Amino acid sequence: VVQLEYVGDLAPYDEEEAALAEAGASLTVVRAADGDALVEAAGDADVIWVEWTPHLTRDVLERLPKLGLAIRWGVGYEQIDVAAATELGIAVANAPAYCTEDVAEHALAMLLAVSRQVVFRDRQGQQGLWRHGPAKQKRLAGSTVGVVGLGRIGSHVAKVAAAFGATVLGYDPVVTSPSVRQVGFEELLASADFVSVHVPLTAETHHLFDADAFALMRPDATLVNTSRGGVVSQAALVEALDAGRLGAAALDVFEQEPLPADNPLRGRDNVILTPHEGANSPQSGRDLRRAVYGATVEWLRT
Ligand code: NAD
């Protein structure tokens, strides 16, 4: 088993590693700069785990003749060409639910941080500025929260937002959720005080939030994005914020990560940025590990 470019905690996990050893496998961590380096370093691998890079493209997969299982160390499959893997007889897996509550809580924490101006007011509190500037906090209870994508994370956000006393509207072309009032995308954008995005990044959702979407949103609305950076056009977002056509944004994910130092989203009182931390907690780390090791051991045993 080869683990690629894992940037997280590399401490040994005795229980999981014992299960791997029992299944007759050993784990090697490889830091490969690109596909060629990966093929060179992991040419003998039966199983590869990839967190971010290099991607397991068709070209790379074709040059890994022993590979039987490719696992995304996380949610989503953007790093693996699933169609090519399937054609080549390579099984593919990921850990779709390891951080559902974490990301939902992060989205809600960001939403509340904007509505209560927590970050902005913290800066004042740290500087000893008391009751400084007009109160622009907003009450979540009684406001309308629009949840785009009612899968694992979105439906959890919807449930908790409702518990805060918000009216929740949902949009999802596939899923129907009995506890959320579902409306069309445009109606959701036009009605919501807060829009929280929880869709996968696909050809259809790329730049789902573009200039047209921002034009439909209320000028005092807040956009919260903890899904994938490519779902939001950052250029259109900056334009909408600059023109006062959008109230605020809270972002955990970006079109380019890390967010470049000169990016115009930085340094605004109405934008909060977290560096793709929405999934992280000791609990999610444990669940992710268990899911990946578990799927690997299961595959090795069959
Ligand atoms: P999920 O697959 O359970 O749910 C996604 C939902 O989006 C599905 O119900 C699907 O029908 C819906 N959807 C697809 N296209 C849509 C569209 N055009 N409009 C509205 N809905 C649409 O996924 P999830 O586990 O809830 O994850 C949601 C997002 O969160 C994904 O983008 C995932 O990559 C991201 N994520 C981010 C982090 C982070 O660290 N910030 C961590 C995990 C997941």
Side-chain angles (χ1 to χ4, degrees), residues 1-32 34-103 149 151-153 155-156 174-175 199-203 228 279-302:
V1 178
V2 164
Q3 179 166 32
L4 280 181
E5 190 78 27
Y6 179 47
V7 294
D9 181 2
L10 278 173
Y13 306 116
D14 296 343
E15 204 183 305
E16 286 91 351
E17 269 161 29
L20 260 195
E22 228 170 85
S26 63
L27 177 67
T28 310
V29 178
V30 163
R31 304 213 182 273
D34 56 24
D36 289 342
L38 160 59
V39 170
E40 173 120 350
D44 273 348
D46 300 290
V47 182
I48 293 182
W49 301 344
V50 55
E51 187 187 24
W52 296 114
T53 57
H55 286 196
L56 298 177
T57 59
R58 178 179 291 274
D59 170 58
V60 168
L61 291 169
E62 279 173 350
R63 290 190 282 149
L64 294 167
K66 275 195 74 189
L67 189 65
L69 173 65
I71 301 192
R72 168 80 216 292
W73 183 268
V75 172
Y77 284 113
E78 293 111 285
Q79 292 70 14
I80 303 173
D81 184 334
V82 178
T86 308
E87 273 174 42
L88 293 164
I90 299 165
V92 178
N94 68 359
Y98 82 94
C99 60
T100 298
E101 292 84 357
D102 302 88
V103 180
R152 281 175 288 265
I153 297 170
S155 55
H156 195 74
V174 179
V175 165
V199 299
L201 178 61
T202 62
R228 285 289 180 259
N280 290 339
S281 69
Q283 292 87 346
S284 68
R286 180 203 59 207
D287 292 349
L288 173 55
R289 229 163 44 230
R290 284 190 181 157
V292 174
Y293 277 81
T296 303
V297 168
E298 201 181 309
W299 180 83
L300 288 168
R301 286 194 178 136
T302 52

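Residue numbers start at 1 and run along the sequence shown. Only this structure's heavy atoms are used, side chains among them; waters, hydrogens and symmetry mates stay out. Predicted, not measured: the structure shown is a model, and the values here were computed from it.
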What residues form a ring pair (Phe, Tyr, Trp, His ring centres under 6.0 Å) with Tyr293, not counting sequence neighbours? Trp49
Give the minimum heavy-atom separation between [X] and [Y], together with the two atoms involved.
X	Y	answer
Leu38	Pro54	CB-CG, 4.0 Å
Ala85	Val92	CB-CG2, 3.5 Å
Leu288	Gly74	CD1-N, 3.7 Å
Ala291	Ala95	CB-CB, 3.8 Å
Gly149	Val199	CA-CG1, 3.9 Å
Ala279	Val103	CA-CG2, 3.9 Å

Say you draw a straight line from [atom1] of [X] to [atom2] of [Y]; how long is it, rounded to the nearest 0.5 Å?
X	Y	atom1	atom2	answer
Glu62	Leu88	CD	CG	5.5 Å
Glu15	Leu20	CD	CG	12.0 Å
Ile90	Thr86	CD1	OG1	9.0 Å

For the residue pair [X] and [Y], establish whether any side-chain heavy-atom pair is separated by less than 4.5 Å.
X	Y	value
Gln283	Tyr98	no
Val1	Asp46	no
Leu56	Ile48	yes
Val2	Val47	no

Candidate pair Arg289 and Glu17, rule salt bridge (charged side-chain N to carboxylate O under 4.0 Å, His left out), full reasoning: CA-CA 10 Å; Arg289 229 163 44 230; Glu17 269 161 29; over 6 Å; no
State plainly whether the residues Glu51 and Arg72 are in salt-bridge range, i.e. N to O under 4.0 Å. no
Look at Lys66 together with Asp44 and state whether they make a salt bridge at an N to O cut-off of under 4.0 Å.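 Judged by the 4.0 Å cut-off on N to carboxylate O distance, Lys66 and Asp44 do not form a salt bridge.
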Would you indicate whether Glu40, at its atom CD, is surrounded by more than 12 heavy atoms from other residues, nucleotides or ligands within a distance under 6.0 Å?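 No, the 6.0 Å shell around CD holds no more than 12 heavy atoms from other groups.
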Tell me which pairs pass salt bridge (charged side-chain N to carboxylate O under 4.0 Å, His left out) where either residue lies in residues 92-101, with sequence neighbours left out.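 Salt bridge (charged side-chain N to carboxylate O under 4.0 Å, His left out) check on residues 92-101 returns no pairs.
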Got a donor-acceptor contact below 3.5 angstrom from the Thr100 side chain to the Arg152 backbone? no
Counting N and O atoms only, with roles assigned by atom type, does the side chain of Asn94 sit under 3.5 Å from a partner on the main chain of Gly76, one being a donor and the other an acceptor? yes
Verdict with reasoning, Thr296 to Leu300, per side-chain contact (heavy atoms from CB on, under 4.5 Å): CA-CA 6 Å; Thr296 303; Leu300 288 168; 3.9 Å; yes
Tell me, with the steps shown, if Val75 and Cys99 meet side-chain contact (heavy atoms from CB on, under 4.5 Å). CA-CA 8 Å; Val75 172; Cys99 60; 4.0 Å; yes
Verify side-chain contact (heavy atoms from CB on, under 4.5 Å) between Trp299 and Ile71, making sure each step is shown before the conclusion. CA-CA 11 Å; Trp299 180 83; Ile71 301 192; over 6 Å; no
With sequence neighbours left out, the residues meeting side chain to side chain contact (heavy atoms under 4.5 Å, CB included) with Asp36 are Asp34, Arg63
Any luck finding a side-chain donor-acceptor pair between Asp102 and Ser281 under 3.5 Å? yes
Assess whether side-chain contact (heavy atoms from CB on, under 4.5 Å) is satisfied between Gln3 and Leu27, documenting all intermediate values. CA-CA 7 Å; Gln3 179 166 32; Leu27 177 67; 4.0 Å; yes
